[in-house]
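In the text below, chain A, chain B and the rest are named by the order of the sequence lines, each starting its count at 1. Keep in mind it's a predicted model, so treat the numbers as computed, not measured.
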Amino acid sequence: MASTGKPVITLLTDFGLLDPYVGIMKGVILGICPDARIVDLTHDVIPYQILQAAFLLEQSWPYFPAGTIHVVVVDPGVGTARRPLLMEAGGHYFIGPDNGVFSLLKPTAIYELMPDGPPASNTFHGRDVFAPAAARLVLGEVGAKPVAGYVRLAVDPETVLHIDRFGNVITGLKAAGFHGTVTANGTLVQRRVATYADAPMGELFLIEGSSGHLEIALNQGSAAERLGVGVGSALHVVR
Amino acid sequence: MASTGKPVITLLTDFGLLDPYVGIMKGVILGICPDARIVDLTHDVIPYQILQAAFLLEQSWPYFPAGTIHVVVVDPGVGTARRPLLMEAGGHYFIGPDNGVFSLLKPTAIYELMPDGPPASNTFHGRDVFAPAAARLVLGEVGAKPVAGYVRLAVDPETVLHIDRFGNVITGLKAAGFHGTVTANGTLVQRRVATYADAPMGELFLIEGSSGHLEIALNQGSAAERLGVGVGSALHVVR
Amino acid sequence: MASTGKPVITLLTDFGLLDPYVGIMKGVILGICPDARIVDLTHDVIPYQILQAAFLLEQSWPYFPAGTIHVVVVDPGVGTARRPLLMEAGGHYFIGPDNGVFSLLKPTAIYELMPDGPPASNTFHGRDVFAPAAARLVLGEVGAKPVAGYVRLAVDPETVLHIDRFGNVITGLKAAGFHGTVTANGTLVQRRVATYADAPMGELFLIEGSSGHLEIALNQGSAAERLGVGVGSALHVVR
């Protein structure tokens, strides 16, 4: 189960960067595996938004080298009896709590992590469970037992999965093959363009985002603000 | 005084990430010591909040491998005659200004850094003094002379040391052995729980945080906002 | 054209850190060039503020080791027919769109990047064009043809180029040799000091910032807020 070569470990959390929580996880990893190269995906998942984390993971992991270990810590139920999971999918490894953050993966193997003992705290599994497991996986020293299933949450495609920094509204809809219109918070969006620059200033439009999902965007403005929608908002589609 | 093996250098500042200041420090470090692995603790210390920096350092450094060099740049008095310090504590190295940021360390050795000449600017000691010193320490080329003492600020335990991203209010009180109650801004908090998930929604409670300090928290909400407190706010304890 | 030794690649974008866009660029780079050490300059360039990006690049690149590759992705016109550029200046490499982000460089060589084929998307050239080019440059495998010129925007020195995290107002004026006064939004600033600590609390002053540019600052306060100015605001200088 060990990854080889120059290990890359990514981190995806809702910890933010105000606190040293992410830095502490990196210290734990480097203490066990000094050769790890650690990359932040983002730490600004909206606290406890499991499906947003699942989407951001889906959007990111395919661009990393084979064998990369992706650690996801978004866990409203920390301290309760969640199983810590290790999965394999597409030649990559995934580590995180069994709460739905892996809903968009198609795993080829699923394991429950077997820590050596109880975690040092009930409050910071990123530091005490998931970071050490990622580092030990590189060394081939992680304990894990196969399990049959895991928590998969249903993702309604007619939903806002993410709002990006530019205010683009990323939907659960796959853009390829989509030829309909979308109503968001009472506003109908019909125009479809191939690139941001094709859209007139100040007008909402549909576009295939870099993730392959359909996005509602506004040329050099925030579509989310204009529409008054956020992560989790419902959309209405007419195909 | 040289650290060996694969050097880890951490950075803790109030520089934020809007500016390239942190990136520039990393450029300076990599120019001197290309093998350094640099980890951000946080750069969102509230500007000039020395005791918050001292707390965040105390919370973080023990999770890094022995020999790690921790650079702290939170310095309201930059440009005045502060001594640049190098300390050893617990098998780690600490570099920063002599203004109280190391108040929570128990150093076994204290040195004043001896730069080769005057710094290139009066305004950016992170770039011109502390980053080069950290990199040269790895190479065993840093100049330093032992000194007798350093600035230690008194930390009142009945004070808010930090508000984390989730709005948890981290106090100066050690949680182990604490069995009292805490009043913050007129609100009494009595309930003590072992894990966030044990607390009913919407109710304030006391918990041992991942740092070992007593925290006031709110299940899936911001205790700081509810209480109207911030870093430095006074607390009242009844044991 | 290949850089040698231990390659450093810096990233300067307007992507922010809410999204995994920056992390994805790092995954692409590490997949092609596993030895790259990647440093963030900042990802908080104000969206589409090309001259702010040009200034932050100018302020940062000289502090990195020779041979460093600097990738700049601030591109309001993504999806339109911008040329992707590779430049050499001062022993460093620079990669980004031909839209003015390199206005403050003095390049000794200018190339247009020649991708193998069309980019995978019209929306994310950081991932699909610029990150791969930087990684391939390290390997000496990037295609590029010399070109005669590139987009250089005029920078009015009597302009606000950047507001830093502390609210310091960074102007387009070089501080060395400047002996005048500055009026910003109707407020005259006359006092000039050598270091922040020399200024009385609560009073605006002029100072040579760490970049060598003239800054308007306020001791332990935000000069930008006090003056009501932002990036791009005009200044009036009397010498």
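- Against chain C, the residues from residues 17-24 of chain B that qualify, each with a non-hydrogen atom under 4.5 angstrom away, are B/Leu17, B/Leu18, B/Asp19, B/Pro20, B/Tyr21, B/Gly23, B/Ile24 in number order.
- B/Met25 CE to C/Tyr63 OH: the interatomic distance, rounded to the nearest 0.5 Å, is 13.0 Å.
- Atom-to-atom distance recorded for C/Thr10:OG1 and B/Lys26:NZ is 11.5 Å, nearest 0.5 angstrom.
- Residue B/Asp40: no heavy atom, backbone or side chain, is found under 4.5 Å from chain C.
- When each of C/Gly16, C/Ser60, C/Ser211, C/Gly212 is checked for heavy-atom pairs under 4.5 Å with chain B, C/Ser60 comes out on top.
- Side chain of C/Arg37 to backbone of B/Leu30: no donor-acceptor contact under 3.5 angstrom is found.
- B/Phe55 is linked by a ring-ring contact (aromatic ring centres under 6.0 Å, His included) to B/His213, counting only residues two or more places apart in sequence or in another chain.
- Contact count against chain B (heavy-atom pairs under 4.5 Å) is highest for C/Thr42 among C/Asn219, C/Thr42, C/Ile207.
- Within the 4.5 angstrom heavy-atom criterion, no atom of C/Ile38 approaches chain B.
- With chain B as partner, the option from C/Pro62, C/Pro65, C/Ala66 having the largest number of non-hydrogen pairs under 4.5 angstrom is C/Pro65.
- Qualifying ring-ring contact (aromatic ring centres under 6.0 Å, His included) partners for C/Phe94, counting only residues two or more places apart in sequence or in other chains: C/Trp61, C/His70.
- Within a 6.0 Å sphere centred on CD of C/Glu225, heavy atoms belonging to other residues, nucleotides or ligands number 12 at most.
- Residue-level contacts of residues 150-167 of chain B with chain C do not occur; threshold 4.5 Å between heavy atoms.
- Neither the backbone nor the side chain of C/Leu11 comes within less than 4.5 Å of any heavy atom in chain B.
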